[in-house]
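This is a predicted model, so every value here is computed, not measured. This chain uses plain numbering: 1 for the first residue, then up along the sequence.
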Amino acid sequence: TGDSSDTAKGDPVETNPLDIGVTENLEKELVFTISIDDFISSYNEYYWNSYNAPYLSASSEWGRSKQDHTAHSAYETYVYSFSENVRIWSMPTISIYTPSDCNSIQEVTLDFDDHGYTEALFLKYREICLFSFKVLFPEYRDAEVEQMFTVLMNKSNDPVCFVPDGIEPTPKLLYSDGNIGIYPYYATGVAHLCIIPVTEQYVDTLATQGVEIYGFDSIFQET
């Protein structure tokens with residue numbers, strides 16, 4: 001696609017929208033049917049077409065830690081973390097959780113250190129979120145993706161989304177669309193947008209636990 005001005009800055013790459021389903025890896029451990037490497041590859045396709053370069057490095061180069069359980073899994077989990085510059089402690093990060101026995105995605109969090117706020121870092125965080133949303137919701141228009149970020153980020157400042165120290169960050173409010181749920185939370189000076197696989201049954205269970213459930217259509221109705 002494109003004319004000679006496109007090729008002058010580098011040929012655009014074809015974006016291949018991911019088909020994102022949900023499956024149960026272990027009992028009561030939901031995962032997306034895409035891997036961390038699928039996410040990275042798709043993210044870099046969208047990023048390349050804006051900047052003529054990839055942004056995310058290979059998963060083997062991300063920081064990795066191991067947890068014996070997480071808020072969304074009772075089982076051993078790897079947490080991969082990417083920062084554009086690890087020497088800048090307040091740089092926004094992408095964290096991807098996978099079971100220890102496979103590379104399927106169990107959870108993605110987009111993390112912004114509010115205590116280290118600068119406008120430049122916030123704009124970087126916004127960009128990271130927008131490209132991540134493009135990966136997850138390729139059918140949405142740019143204006144809708146931007147609206148998602150604005151609404152979700154504002155919600156992270158809602159007192160209901162505050163997570164005290166030492167408490168696992170489970171959803172207090174959840175936006176869901178098909179197989180994908182997103183909930184914002186704020187803990188230890190860091191705002192997070194957390195993306196998790198959901199099923200209708202799981203959403204119903206959260207609702208019975210008092211979690212506020214919203215469809216994405218409500219995001220696009222907000223101003």
Side-chain angles (χ1 to χ4, degrees), residues 18 20-40 43 56 59-83 86 89 91-114 125 128-129 132-133 135-136 152-153 155-156 160-213:
L18 298 176
I20 304 175
V22 171
T23 188
E24 192 174 64
N25 181 50
L26 297 172
E27 186 180 359
K28 295 184 178 179
E29 182 185 56
L30 295 177
V31 293
F32 290 120
T33 55
I34 61 168
S35 70
I36 181 173
D37 299 313
D38 293 331
F39 180 93
I40 290 169
Y43 187 109
L56 300 178
S59 60
S60 59
E61 298 175 23
W62 290 32
R64 193 181 81 164
S65 60
K66 187 161 65 175
Q67 297 185 9
D68 59 8
H69 71 281
T70 70
H72 300 288
S73 173
Y75 309 99
E76 189 175 78
T77 298
Y78 286 127
V79 183
Y80 293 84
S81 184
F82 174 85
S83 167
V86 294
W89 59 269
M91 180 66 67
T93 59
I94 300 176
S95 300
I96 295 182
Y97 295 60
T98 72
S100 61
D101 63 343
C102 71
N103 285 326
S104 298
I105 293 176
Q106 181 193 100
E107 177 183 345
V108 179
T109 66
L110 308 170
D111 318 303
F112 178 69
D113 190 324
D114 196 38
Y125 178 64
I128 286 171
C129 291
S132 296
F133 292 161
V135 171
L136 297 164
L152 288 163
M153 196 62 192
K155 288 288 187 183
S156 72
V160 75
C161 294
F162 177 76
V163 178
D165 291 355
I167 304 297
E168 284 196 318
T170 54
K172 297 298 185 290
L173 55 85
L174 179 82
Y175 291 88
S176 68
D177 181 8
N179 297 320
I180 302 175
I182 303 183
Y183 67 95
Y185 71 93
Y186 190 95
T188 59
V190 180
H192 305 268
L193 301 183
C194 183
I195 301 143
I196 57 172
V198 297
T199 61
E200 195 173 327
Q201 181 183 12
Y202 182 58
V203 172
D204 289 345
T205 299
L206 291 177
T208 64
Q209 295 169 354
V211 177
E212 299 174 31
I213 306 295

Legend entry - Distance in Å, D165 CG paired with T188 OG1, rounded so as to fall on 0.5 Å steps: 6.5 Å
Legend entry - Mutual orientation of the aromatic rings belonging to Y80 and W62 [parallel < 30°, tilted 30-60°, perpendicular > 60°]: perpendicular
Legend entry - For V79 against S95, the heavy-atom pair lying closest together: CG1-CB, 4.4 Å
Inset, instruction - First locate atom CG of D204, then atom CD of Q209, and finally report the distance between them rounded to the nearest 0.5 Å. - result: 11.0 Å
Legend entry - Shortest non-hydrogen contact from P99 toward V31: CG-CG1, 3.8 Å
Inset, instruction - For the pair Y183 and C194, evaluate side chain to side chain contact (heavy atoms under 4.5 Å, CB included) and give the outcome as yes or no after the intermediate values. - result: CA-CA 5 Å; Y183 67 95; C194 183; 3.6 Å; yes
Legend entry - Pairwise side-chain contact, V108 with S132, heavy-atom cut-off 4.5 Å (strictly under): no
Legend entry - Within 6.0 angstrom of Q201 CD, more than 12 heavy atoms from elsewhere: no
Inset, instruction - Report, as yes or no, whether the 6.0 Å neighbourhood of atom CD on E168 holds more than 12 heavy atoms from other residues, nucleotides or ligands. - result: yes
Inset, instruction - Report yes if the side chains of L30 and V198 come closer than 4.5 Å at any heavy-atom pair, otherwise no. - result: no
Legend entry - Pair D37, S35: side-chain N/O donor-acceptor within cut-off below 3.5 Å: no
Legend entry - Any side-chain heavy-atom pair of Y43 and I94 under 4.5 Å: yes
Inset, instruction - For residues P92 and L110, determine if any side-chain heavy atom of one lies less than 4.5 Å from a side-chain heavy atom of the other. - result: no
Inset, instruction - Could you point out which residue of D101, I36, T98 forms a side-chain contact (heavy atoms from CB on, under 4.5 Å) with Y78? - result: T98
Inset, instruction - For side chain to side chain contact (heavy atoms under 4.5 Å, CB included), just list the numbers for F162 and I167, CA-CA rounded to whole Å, side-chain angles, deciding distance to a tenth of an Å, and then say yes or no. - result: CA-CA 10 Å; F162 177 76; I167 304 297; over 6 Å; no
Inset, instruction - Could you check if a side-chain atom of N103 sits within less than 4.5 angstrom of a side-chain atom of D38, using non-hydrogen atoms only? - result: no
Legend entry - Atom of S104, atom of F32 and distance for their closest heavy-atom approach: CB-O, 3.5 Å
Legend entry - Positive for side-chain contact (heavy atoms from CB on, under 4.5 Å) with Y97, one of T109, I196, I105: T109
Legend entry - Side chain proximity check, F133 to L152, heavy atoms < 4.5 angstrom: yes
Legend entry - Interatomic spacing from CD in E24 to CD in E29 - rounded to 0.5 Å: 8.5 Å
Inset, instruction - Apply the test side chain to side chain contact (heavy atoms under 4.5 Å, CB included) to residues F82 and E61: give CA-CA distance (whole Å), side-chain angles for both, the deciding distance (0.1 Å), then the verdict. - result: CA-CA 8 Å; F82 174 85; E61 298 175 23; over 6 Å; no
Inset, instruction - For the pair Y202 (side chain) and P197 (backbone), establish whether a donor and an acceptor sit closer than 3.5 Å, ignoring hydrogens and angles. - result: no
Legend entry - Non-hydrogen atoms of A191 and S156 that approach each other most closely: CB-OG, 4.0 Å
Legend entry - Contact summary for E107 and T70, nearest pair of heavy atoms: OE1-OG1, 4.4 Å
Legend entry - Contact summary for K155 and Y175, nearest pair of heavy atoms: CE-OH, 3.1 Å
Legend entry - Interatomic distance, T170 atom OG1 to H72 atom NE2 [nearest 0.5 angstrom]: 7.5 Å
Inset, instruction - Indicate yes or no: at least one non-hydrogen side-chain atom of H192 is less than 4.5 angstrom from one of P169. - result: no
Inset, instruction - With L193 as reference, evaluate Y125, F112, Y185 under the side-chain contact (heavy atoms from CB on, under 4.5 Å) test and give the passing residue. - result: Y125
Legend entry - Exercise: do T77 and Q67 side chains pair donor with acceptor under 3.5 Å: no
Legend entry - F39 vs I20 side-chain heavy atoms within contact, under 4.5 Å: no
